[in-house]
Amino acid sequence: LAGKFAPLFSRADVMKYGQNIKFDLQVLRKYGIEVKGPLFDTMIAHYLLDPEQPHNMDHLSRVYLNYLPIPIETLIGKKGRSQMTMRLVDVQLLKNYACEDADVTWKLSRILSEKLKEEKLENVFREIEMPLVPVLADMEFQGVKLDVNALREQSAILKNELQQAEKEIFTMAGSSFNLNSPRQLGEVLFEKLKIIENPKLTKTKQYSTNEETLQKLAGKHPVIDKILEYRMLQKLVSTYVDPLPDQINPLTRRLHTSFNQAITATGRLSSTNPNLQNIPIRDAKGREIRKAFVASSENHVFFSADYSQIELRLMAHFSGDAIMQEAFRNNEDIHRTTAAKVFKVAPEEVSREQRNKAKTANFGIIYGISAFGLSERMGIPRSEAKQIIDSYFETFPGVKDYMNQCIFTAREKGEVYTLTGRRRKLPDINSQNSVVRGNAERNAINAPIQGTAADIIKIAMINIHNEFLKRGLKTKMLLQVHDELNFDVPKEELEEVTALVTSCMEQAMPLNVPLTVETGVGRNWFEAH
DNA sequence: CCTGACTCGC
DNA sequence: ATGCGAGTCAGGT
């Protein structure tokens, strides 16, 4: 049956409609059918119209067609052990379901297509989101090779350290308990050992034992450092080292993530099953895990390319701030330059501490931070934080104006936009509740920046994918981590691919500051990054 | 099966 | 009380 439709699917002049059409592409691919040409995904169309709403078909059908489709549960049962597969469903029931599914998708597409046009979202839909679908499908299909032995070795070492830490903690605490239970840990620390007077509580009145809280208590009792060590080791083992090998597909022997294109409020992708966008890097022990993400063979290398400071560069672009733009045009170390200007010292006189504070301030700015937040983050008094912020805005007056402009636009339009016209609605921007309103104001500043960065890397991915195809390269794009792309490259293609990827990423969108890309290469992700 | 606390990434 | 995500575990239903 699939064969009869194959010629239609391969026609570049026929639009293919679907709800979550990446899934259909992948199913058809299993039957050797390559789908070509323009796509229309109702899920993604609705995501662009209102990213924070649900995008499942039942919801869309109810809202736009005033119709409740046959729930899939009536065919295959509820989720869980007893759920059947589509193959086992009576063919007459399946026919009704499938035809209705196609009909609802088509009817939705008529309505959503019109709305995209009316709301000036057709361009980002047609030129970015739809062309990205087959790119992501290819990346997911390709998968990444995992060195299982490397992880097994790490697992053995970490579990030893974990046992040792656990033993020492129980000795210091004078009893055993479930260390993975924050509640039990809190009772031991604050009721049994009584390490401080008035412990911080969570919103549900439990003792707070999170990392930030424990860091502040580190000097009070030697057990605290051990607990922090235990937490780190436990996280590495239970989230990465042990589960990852179990998620390898036995047929392909690769790890295949899913990239979700219709989840985030800002336009970023997200990654699940497994999430390969949060593999550890900051901590040395965690970073070792990246050694297990390897090139597909001895003749291939793992190649990584990431944007340098893309969000701050976008702040410089949007704000038009002359000082910040100049720093990027001269390819300066932006945190050092910021520190020099904010603390009024020569760039070469900037201390490590000053640079770190400037770095925190730069990130805080993108997120719309307050003096309070900055003081917490830097571990300094609020008055000092306020001085830094004042000095920051004196240094970069355009940034301050731009931030106010974002909030003004949001109040007027009830939404904010990225460079491609992608939008985020901000219904709370005029809320009477200052907490709720403050949140919307930070979104108004952050969403255009984070969202434009997402637009840019999506454009780069599409162009890179097309160039690979056009030039007949065997290199495969594997992973996207928000400002970074990773590839499996045959050694003989490395030179060409490095130039091509760098160029596609740097030239993805013209801005009034340059975008720069840093690349790395090695046998694995650890070496490449 | 759900929620909260926690911790990993950009 | 700085933005955006996902996974694990405990502990409750």
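The structure presented is a predicted model; accordingly, all values stated were derived computationally and were not measured. Per chain, numbering begins at 1; letters A, B, ... match sequence-line order.
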message = Quick test of your reading: applying salt bridge (charged side-chain N to carboxylate O under 4.0 Å, His left out), list the pairs with at least one residue in residues 310-319 of chain A, sequence neighbours left out, ordered by first then second residue.
response = R268(A)-E311(A)
ask   = Just by distance, with hydrogens left out, do T213(A) and N210(A) show a side-chain donor and acceptor under 3.5 Å apart?
value = yes
request  = Please collect all salt bridge (charged side-chain N to carboxylate O under 4.0 Å, His left out) contacts where either partner lies in residues 212-227 of chain A, sequence neighbours excluded, each pair once.
outcome  = E168(A)-K226(A), E212(A)-K216(A), K216(A)-E376(A), K226(A)-E229(A)
task = Nearest whole angstrom, please: distance from the C1' of dC10(B) to the CG of L314(A).
result = 14 Å
request  = Going 5' to 3' through nucleotides 3-10 of chain C, assign each nucleotide B (protein heavy atom under 4.0 Å from a base atom), S (under 4.0 Å only from sugar-phosphate atoms) or - (no protein heavy atom that close).
outcome  = BBBSBSSS
message = Does anything in residues 203-227 of chain A come within less than 4.0 Å of DNA chain B? Heavy atoms only, and list the residues if so.
response = K203(A), T204(A), Q206(A), S208(A), T209(A), N210(A), E211(A)
message = Would you say CZ of R377(A) has more than 12 non-hydrogen atoms from neighbouring residues, nucleotides or ligands within 6.0 angstrom?
response = no
message = Counting the benzene-type ring for Trp, do F177(A) and F170(A) have ring centres under 6.0 Å apart?
response = yes
Contacts of type side-chain contact (heavy atoms from CB on, under 4.5 Å), residue S383(A), not counting sequence neighbours = P381(A)
request  = Give one of base, sugar-phosphate or nothing for L236(A), where a contact means two heavy atoms less than 4.0 Å apart.
outcome  = nothing
Mutual orientation of the aromatic rings belonging to F293(A) and W525(A) [parallel < 30°, tilted 30-60°, perpendicular > 60°] = perpendicular
request  = Could you label the plane-to-plane angle of the H46(A) and H55(A) rings as parallel, tilted or perpendicular, counting under 30° as parallel and over 60° as perpendicular?
outcome  = perpendicular
Under the side-chain contact (heavy atoms from CB on, under 4.5 Å) test, residues paired with I389(A) that sit two or more places apart = A371(A), L374(A), F393(A)
task = Give the rounded distance in Å between these two atoms: CG of N362(A) and C1' of dC10(B).
result = 16 Å
message = Distance check needed: dG9(B) P versus I281(A) CD1, whole Å only.
response = 8 Å
key: Nucleotide dT2(C), atom C1' - distance to CZ of R382(A) in whole Å   = 14 Å
query = To the nearest Å, how far apart are H529(A) NE2 and dC10(B) C1'?
reply = 10 Å
ask   = For dT7(B), does OP1 or OP2 lie under 4.0 Å from any side-chain N or O of R231(A)?
value = yes
task = Could you tell me whether G364(A) contacts a base, only the sugar-phosphate backbone, or nothing, with contacts defined as non-hydrogen atoms closer than 4.0 Å?
result = base
